[in-house]
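Right, one structure below, let's go through it.
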Amino acid sequence: MKGEAGSKLHDEKPKQEGHIWGSMRKTAFILGSGLLLLVAFWNSVTWHLQRFWGASGYFWQAQWERLLSTFEGKEWILFMLGATQVPSLCFWGFNGLLLVVDTTGKPNFISRYRIQAGKNEPVDPVKLRQSIRTVLFNQFMLSLPIVVIFYLLLKWRGDPCHRELPTFHWFLLELAIFTLIEEVMFYYSHRLLHHPVFYKKIHKKHHEWTAPIGVISLYAHPIEHVVSNMLPVIVGPVLMGAHLSSITMWFSLALIVTTISHCGYHLPFLPSPEFHDYHHLKFNQCYGVLGVLDHLHGTDTVFKQTKAYERHILLLGFTPLSESIPDPPKME
């Protein structure tokens with residue numbers, strides 16, 4: 001028996017090595033192909049985008065200079081409006097539309113894209129009011145003071161409200177760096193908050209919603225809001241000494257993306273929220289934003305075995321993926 005077991009283990013080891021080597025070759029092929037396509041199309045795409053940016057650049061530069069003239073000597077007010085009020089308007093404007101569906105179940109052409117069927121139909125009003133109070137507290141009592149410190153750091157680095165707007169290529173570079181830093185910082189801070197020492201007292205609050213909705217993306221304990229929601233988004237602009245225009249677009253984009261990740265609806269032509277929705281459902285999978293570090297650390301292996309993973313794509317039609325890729329029937 002021992003000889004048979006040893007022989008089986010000996011046979012399995014080359015298979016495992018072959019599987020790993022095959023995965024590495026497949027990954028290298030995909031990345032290499034993607035890199036070749038990127039190089040082939042980069043100049044063409046950026047040329048067209050640069051033409052658009054350049055054509056409208058004079059208009060935006062003129063508007064920016066007009067704003068600087070209006071707030072001359074009070075640039076800190078302009079900074080606070082751009083770094084807090086514009087992103088907040090994006091957040092509440094988007095979530096206001098989603099809350100209509102969450103609380104009424106209508107219109108049906110949106111509610112039919114719900115990921116977790118039977119959950120939040122409609123959402124519990126008491127739980128919702130409590131969550132909105134927490135979100136408002138986090139935004140006004142925590143985010144505002146931190147943005148003031150953020151402004152002082154940027155002033156120390158340079159002037160975030162200088163007269164010349166960043167070029168299109170520079171903004172793309174900034175956006176890539178901001179995204180990379182956010183992915184790394186959010187993943188590791190999020191995993192840390194799932195440690196038993198921190199989970200019960202801090203992160204459990206956010207996970208009260210096993211079927212999330214958009215507005216609870218900022219529903220968190222104050223420590224989590226600062227460490228895991230704000231710092232990963234702020235560090236990139238501080239390191240890059242970013243212009244206010246880049247900061248406003250980055251903060252607005254970050255809030256829209258986290259709202260989509262939590263919204264509970266896999267809507268057509270929007271990024272898939274299946275990844276983070278599964279995290280709220282199962283707690284111990286899918287910690288990151290992009291999923292890159294989850295793949296490297298193996299914290300998405302269970303997710304990859306589910307129908308949710310098959311549905312984790314950009315929906316380019318109008319048939320809900322829950323219908324085209326349904327869950328297997330439950331065993332009775």
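Remark: Trp64 CH2 is packed, more than 12 non-hydrogen atoms of other residues, nucleotides or ligands lying under 6.0 Å away. A 6.0 Å sphere centred on CD of Glu164 holds no more than 12 heavy atoms belonging to other residues, nucleotides or ligands.
For Lys205 and Glu224, the salt-bridge test fails: no basic side-chain N is under 4.0 Å from an acidic carboxylate O.
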Exercise for the section: Assess whether side chain to side chain contact (heavy atoms under 4.5 Å, CB included) is satisfied between Ser322 and Ile115, documenting all intermediate values. Expected result: CA-CA 7 Å; Ser322 57; Ile115 295 172; over 6 Å; no
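Under the 4.5 Å side-chain heavy-atom criterion for grouping Ile, Leu, Val, Met, Phe, Trp and Tyr, Leu293 is not connected to Met185 through any hydrophobic cluster.
Residues Val86 and Leu81 are not in side-chain contact: their nearest non-hydrogen atoms beyond the backbone lie 4.5 Å or more apart.
Scanning all heavy atoms of the two residues, the minimum distance from Leu255 to Thr259 falls at O-OG1, 2.8 Å.
Listed by chain and number, the residues in a ring-ring contact (aromatic ring centres under 6.0 Å, His included) with Phe283 are His207 (sequence neighbours excluded). By the side-chain hydrogen bond (donor to acceptor under 3.5 Å, both in side chains) test, Tyr287 pairs with no residue at all, sequence neighbours left out. For the ring-ring contact (aromatic ring centres under 6.0 Å, His included) test, residues two or more places apart in sequence or in another chain that qualify with His276 are His262, His279, His280.
Judged by the 6.0 Å and 45° rule, Lys119 forms no cation-pi pair with Trp209.
In this structure, Ile202 belongs to a hydrophobic cluster whose other members, linked by side-chain heavy atoms under 4.5 Å apart, are Leu192, Leu193, Val197, Phe198, Ile223, Val227. Hydrophobic clustering, defined by side-chain heavy atoms of Ile, Leu, Val, Met, Phe, Trp and Tyr closer than 4.5 Å, groups Ile110 together with Phe94, Leu98, Val101, Phe109, Tyr113, Ile256, Ile260, Tyr265, Leu267, Phe269, Leu270, Ile313, Leu314, Leu315, Leu316, Phe318, Leu321, Ile325.
Between the CD1 atom of Ile216 and the CG atom of Asn120 there is a distance of 9.0 Å, given to the nearest 0.5 Å.
In this structure, Phe303 has its ring center closer than 6.0 angstrom to the ring center of His312. Remark: aromatic rings of His203 and His221 are distant, center separation not under 6.0 Å.
In this pair, His297 and Tyr188 present their aromatic rings perpendicular. The plane angle is above 60°, beyond the 30 to 60° band.
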Acceptor/donor pairs from residues 134-151 side chains to any protein atom, 3.5 angstrom cut, sequence neighbours excluded:
from   : atom 1 : to     : atom 2 : distance (Å)
Thr134 : OG1    : Gln130 : O      : 3.2
Asn138 : ND2    : Leu218 : O      : 3.0
Asn138 : ND2    : Ala220 : O      : 3.1
Gln139 : OE1    : Trp92  : NE1    : 2.9
Ser143 : OG     : Asn138 : O      : 3.2
Ser143 : OG     : His225 : NE2    : 2.9

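In this structure, a donor-acceptor pair under 3.5 Å is present between the side chains of His295 and Lys304.
A donor-acceptor contact shorter than 3.5 Å links the side chain of Ser111 to the backbone of Gly105.
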